[in-house]
Amino acid sequence: MTSTLAISDLNDNPSSDRIFIVGGGIVGAALAFHLSNNATQTKKPQVVVLDRCFKKSLGSTGHAPGFVGQLNESSVLTKLAKDTVSEYLSIPNGFNTVGGLELATSLSGANALRRRREMALAAGLPAEIITPDAAASLAPDFVDPASVKIGLHFPSDGTANAQAITSYYLDQARVRGVDFLEANVAGFTKSDSNDAGVTKIIAIQTAAGDINLSGSTVILASGIWTSSLTNPDRGTKAPITRVPIPIVPVAHPYTFTPPRPSRSGTPYPFVRWPDHHVYARDHGDRDGLGSYNHSPMQLDPADTAIGAWPSTFDQVLSDASSHLKNGDQFQVKGCEDCTDPWLAKKPFNGIFSVTPDNLPLAGKVPDVANIWLCAAIWVTTAAGTARLVSREILREAGTPSALGDELLIKALSPARFQGTEPDVLALQALGKYNDIYNRKA
């Protein structure tokens, strides 16, 4: 993917019908696809995707392990995940329905899985409690039946190929006339507030010059960099909104086994050990493993979503690998001199975002007339959330939201954290890191 226009093209031909998407990862790509695929509009807006680099994904999309478990304690996330899977299934090489397997190693964990089965059935998701031997038969190299009380199998879950999905959405969007501009977005220029306290973004600041907006809409699909764009320089420069944007980037360890021949037979499901905050999957020519079983670590990401390797993560991965039957095959010592550990398939620190309630921030910013957020979103819910936001942006003024959208938009609203101090929200978000599996009611 290359640029289809220059900043001068935009500034020489101003228009108020443009939609600028900041971020070309899986969320930005899905937004571009859906915003350009609305057959009901008589006049389609010009959509422009801005990203620092279209040749290589520098954000979280580039190293997403691709687990898609649809059941969540949050009915909002479950709905978005189900919508997302239905989207991915239509994309060539986008989704592999290998299933998901959760394992309980304690009596309390077994009770939690039984409760989750009932939740799944209520949500319309197939789920089955299985014996330890049956669990081991689904992933024999991962699961030692002697260490398991019961398993919970989700046959409609699977793994998403985030980069294939992103490429598909971008290619289809380009065919439909979406423009692309490789530019490093550094910030925004805003107008003065009006009597209602509402301002506007009038320019996008980039390293190559400003883009004049002329009333156009901006969607931040900027992932781990969203907070730094909305609240630059941590207080030395005025934020673009008074609404707190508590999207907190955190460190996360993931590792691989060395290369091996691909397994024959039925593909393994992805496997989770919720009692221990550990998960694993078969990547085809090697296995992968990650862990949330460590103190949350807030980061300030620079150029990519892969951070420096903390030495404490060696022990985290060593402990995590002990729960797998083939755990001794995993690399657990970080590679400090690897320029791209994801590409080298070495242990790496993959940065992603958490929020105070583990929900994305998706919707209009109330005190900025032309800014929308679509951020803090995992591959699990990317397409469903992007489609939801696209419908809201394209919805004609005065017409009601699509059936069910109103409740989702309210739950994801960027305004929901107003009235709470940013430091408190950051602590709440970090506290959610260890509850990624959402096992609490």
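Predicted model only: the values in this text are computed from it and were never measured. Here, residue 1 is the first one in the sequence, and each next residue gets the next number.
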Is a side-chain donor or acceptor of Trp372 paired with a backbone partner of Val218 at a separation under 3.5 angstrom?
-> no

Asp285 meets the salt bridge (charged side-chain N to carboxylate O under 4.0 Å, His left out) criterion, sequence neighbours left out, with none

#### Entry: Side chain Thr381, main chain Leu77, donor-acceptor under 3.5 Å
no

query = Under the 3.5 angstrom rule, does the side chain of Glu87 hit a backbone N or O of Arg387 as a donor-acceptor pair?
reply = no

Distance-only criterion, 3.5 Å: show the donor-acceptor pairs between side-chain atoms of residues 119-141 and protein atoms not counting sequence neighbours.
| residue | atom | partner | partner atom | Å |
| --- | --- | --- | --- | --- |
| Thr131 | OG1 | Ala134 | N | 3.1 |
| Ser137 | OG | Ala134 | O | 2.6 |
| Asp141 | OD2 | Arg263 | NE | 2.8 |
| Asp141 | OD2 | Arg263 | NH2 | 3.2 |
| Asp141 | OD2 | Tyr268 | OH | 3.0 |

So salt bridge (charged side-chain N to carboxylate O under 4.0 Å, His left out) across residues 289-299, not counting sequence neighbours, yields none

For Ser227 and Ile245 the tightest heavy-atom approach is OG-O, 2.9 Å

With sequence neighbours left out, the residues meeting ring pair (Phe, Tyr, Trp, His ring centres under 6.0 Å) with His153 are none

Looking only at heavy atoms, the pair that brings Asp144 and Ser147 closest together is O-OG, 2.8 Å

- Is Arg281 paired with Asp287 through a side-chain N to carboxylate O contact shorter than 4.0 Å? no

Scanning both residues in full, the closest heavy-atom pair of Val332 with Ser321 reads CG1-OG, 4.2 Å

Is it the case that His276 and Thr105 place a side-chain donor and acceptor less than 3.5 Å from each other? yes

query: Is the side chain of Asn293 donor-acceptor paired with the backbone N or O of Val278 at a distance under 3.5 Å, no angle test?
result: no

In terms of heavy-atom contacts, Arg116 and Leu71 come closest through O-CD2, 3.3 Å

Checklist entry - Any ion pair linking Arg395 and Glu392 (charged N to carboxylate O, less than 4.0 Å)? => result yes

Those residues at least two apart in sequence (or on a different chain) that pass salt bridge (charged side-chain N to carboxylate O under 4.0 Å, His left out) with Arg174 are none

Residues at least two apart in sequence or cross-chain that pass side-chain hydrogen bond (donor to acceptor under 3.5 Å, both in side chains) with Thr241, listed by chain then number, are Asp367

So the ring-ring contact (aromatic ring centres under 6.0 Å, His included) pairs with at least one residue in residues 57-83 (sequence neighbours excluded) are His63-Phe348, Phe67-Phe270, Phe67-Tyr279

Heavy-atom nearest pair, Ile219 first then Cys374, reads CG2-CB, 4.1 Å

Residue pairs passing the salt bridge (charged side-chain N to carboxylate O under 4.0 Å, His left out) test with at least one member in residues 317-327, sequence neighbours excluded, are none

With sequence neighbours left out, the residues meeting salt bridge (charged side-chain N to carboxylate O under 4.0 Å, His left out) with Arg52 are Asp303

Residue pairs meeting ring-ring contact (aromatic ring centres under 6.0 Å, His included), one or both in residues 105-136, sequence neighbours left out, come to none

Residues Asn349 and Ala308: closest non-hydrogen pair is ND2-O, 2.9 Å

Across all chains, not counting sequence neighbours, the salt bridge (charged side-chain N to carboxylate O under 4.0 Å, His left out) partners of Lys190 are none

Inset, instruction - Decide whether Ser156 and Gln70 meet the rule of one side-chain donor and one side-chain acceptor closer than 3.5 Å. - result: yes

Quiz: residues 20-33 side-chain donor-acceptor pairs under 3.5 angstrom, not counting sequence neighbours:
none

>> Quick one: does any side-chain atom of Ser353 pair with a main-chain N or O of Ile247 as donor and acceptor, under 3.5 Å?
In response: no

